[in-house]
Colleague: 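Take a look at this one; I'll ask things after.
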Amino acid sequence: MKIHVDKLKKTFDVKTTNKVMRSVYQFQLDSAKLATSQGKDGVSIFSDAIALIDRMESFLVKTLGLSKQDAEKLDDYFSSEDVQKMANYVASRLMGMSDEEIKEGTDNAEETDSKK
């Protein structure tokens, strides 16, 4: 499957093997766990947040086969929000969503957030 990551200005050819899909689902699970981390103490919340950043970067590096230079860009040049958007985009594509469906979902989420 061809996946173009705008922020990296590259297109990647990713095979949807069991290993890749397991990584997609683990990334989604880790994200969901952090989003529902209410009631935890500050140390646990920050520890989980750091682990999620590491997991997002690792997910992108392994799934896309990023070069060392591109992997370093994730850490040095992009915000965690940018990396999260990239990881969510790649995961969504691998789960079968088209670019149009992802854009529509993103637009709807941003619209809902702006109404809060």
Side-chain angles (χ1 to χ4, degrees):
M1 168 183 297
K2 300 268 188 227
I3 300 176
H4 181 76
V5 180
D6 287 335
K7 295 259 184 211
L8 295 175
K9 299 177 182 148
K10 290 187 178 184
T11 300
F12 301 89
D13 189 18
V14 182
K15 294 182 181 180
T16 54
T17 63
N18 284 331
K19 184 176 184 177
V20 168
M21 294 311 296
R22 190 176 295 112
S23 179
V24 169
Y25 294 131
Q26 186 63 53
F27 164 70
Q28 296 289 28
L29 178 62
D30 292 345
S31 297
K33 284 179 181 177
L34 184 61
T36 60
S37 64
Q38 297 172 352
K40 287 188 172 184
D41 66 1
V43 172
S44 295
I45 290 171
F46 289 122
S47 177
D48 289 350
I50 291 167
L52 183 60
I53 290 170
D54 292 342
R55 180 77 178 117
M56 287 186 298
E57 289 180 354
S58 176
F59 169 72
L60 288 169
V61 168
K62 288 179 183 176
T63 303
L64 300 176
L66 295 181
S67 66
K68 185 174 181 169
Q69 183 180 4
D70 284 337
E72 288 174 357
K73 285 180 185 177
L74 294 178
D75 221 18
D76 295 336
Y77 298 109
F78 296 110
S79 69
S80 65
E81 183 179 342
D82 288 338
V83 174
Q84 183 175 15
K85 285 179 181 180
M86 282 186 251
N88 286 335
Y89 170 75
V90 170
S92 296
R93 288 286 289 130
L94 289 168
M95 293 174 70
M97 293 179 72
S98 68
D99 284 335
E100 294 78 26
E101 290 169 323
I102 295 168
K103 181 171 178 14
E104 183 178 305
T106 302
D107 290 346
N108 289 341
E110 288 175 357
E111 184 178 310
T112 301
D113 287 345
S114 69
K115 290 182 180 179
K116 289 182 179 179

Colleague: Using a strict cut-off of less than 4.0 Å between a Lys/Arg side-chain nitrogen and an Asp/Glu carboxylate oxygen, indicate whether D82 and K85 qualify as a salt bridge.
Modeller: no

Colleague: Nearest 0.5 Å, please: how far is CG in L8 from CG in L64?
Modeller: 7.5 Å

Colleague: For N18, look at atom CG and say whether over 12 heavy atoms of other residues, nucleotides or ligands are found less than 6.0 Å away.
Modeller: no

Colleague: Report the distance from atom NZ of K103 to atom OH of Y89, rounding to the nearest 0.5 Å.
Modeller: 12.5 Å

Colleague: Please report the shortest heavy-atom distance between Q28 and M95, naming the atom on each side.
Modeller: NE2-SD, 3.6 Å

Colleague: Shortest non-hydrogen contact from F59 to A87?
Modeller: CE2-O, 3.6 Å

Colleague: Can V83 and I53 be said to form a side-chain contact (heavy atoms from CB on, under 4.5 Å), step by step?
Modeller: CA-CA 8 Å; V83 174; I53 290 170; over 6 Å; no

Colleague: Just to verify, what does K33 make a salt bridge (charged side-chain N to carboxylate O under 4.0 Å, His left out) with, not counting sequence neighbours?
Modeller: none

Colleague: Examine distances only and state if a side-chain atom of S23 and a backbone atom of K19 form a donor-acceptor pair shorter than 3.5 Å.
Modeller: no

Colleague: Just by modelled atom types, is the K9 backbone N or O under 3.5 Å from a matching donor or acceptor in the H4 side chain?
Modeller: no

Colleague: Measure across R93 and K2 and return the closest heavy-atom pair with its distance rounded to 0.1 Å.
Modeller: NH2-O, 3.1 Å

Colleague: Under 4.5 Å between any side-chain heavy atoms of V24 and T16, yes or no?
Modeller: no

Colleague: Compare every heavy atom of K7 with every heavy atom of F78, then report the nearest pair and how far apart it is.
Modeller: CZ-O, 3.5 Å

Colleague: Using 0.5 Å steps for rounding, measure from the CG atom of L60 to the CZ atom of R55.
Modeller: 10.5 Å

Colleague: Shortest non-hydrogen contact from S80 to M56?
Modeller: O-CE, 4.0 Å

Colleague: Answer yes if V61 and M21 sit in the same cluster of Ile, Leu, Val, Met, Phe, Trp and Tyr residues linked by side chain heavy atoms under 4.5 Å apart, and no otherwise.
Modeller: yes

Colleague: How many angstroms lie between CG in D75 and CG in D54, if you round to the nearest 0.5 Å?
Modeller: 8.0 Å

Colleague: Say whether M1 and M86 are linked into one hydrophobic cluster, either directly or through other cluster members, by side-chain heavy-atom distances under 4.5 angstrom.
Modeller: yes

Colleague: Starting at CG of D70, measure out to CD of E72 and round the result to the nearest 0.5 Å.
Modeller: 9.5 Å

Colleague: With rounding to the nearest 0.5 angstrom, report the OH to CG distance, Y25 to D30.
Modeller: 15.0 Å

Colleague: Grab the two heavy atoms, one from A71 and one from L66, that are nearest each other, plus how far apart they are.
Modeller: N-CB, 4.3 Å

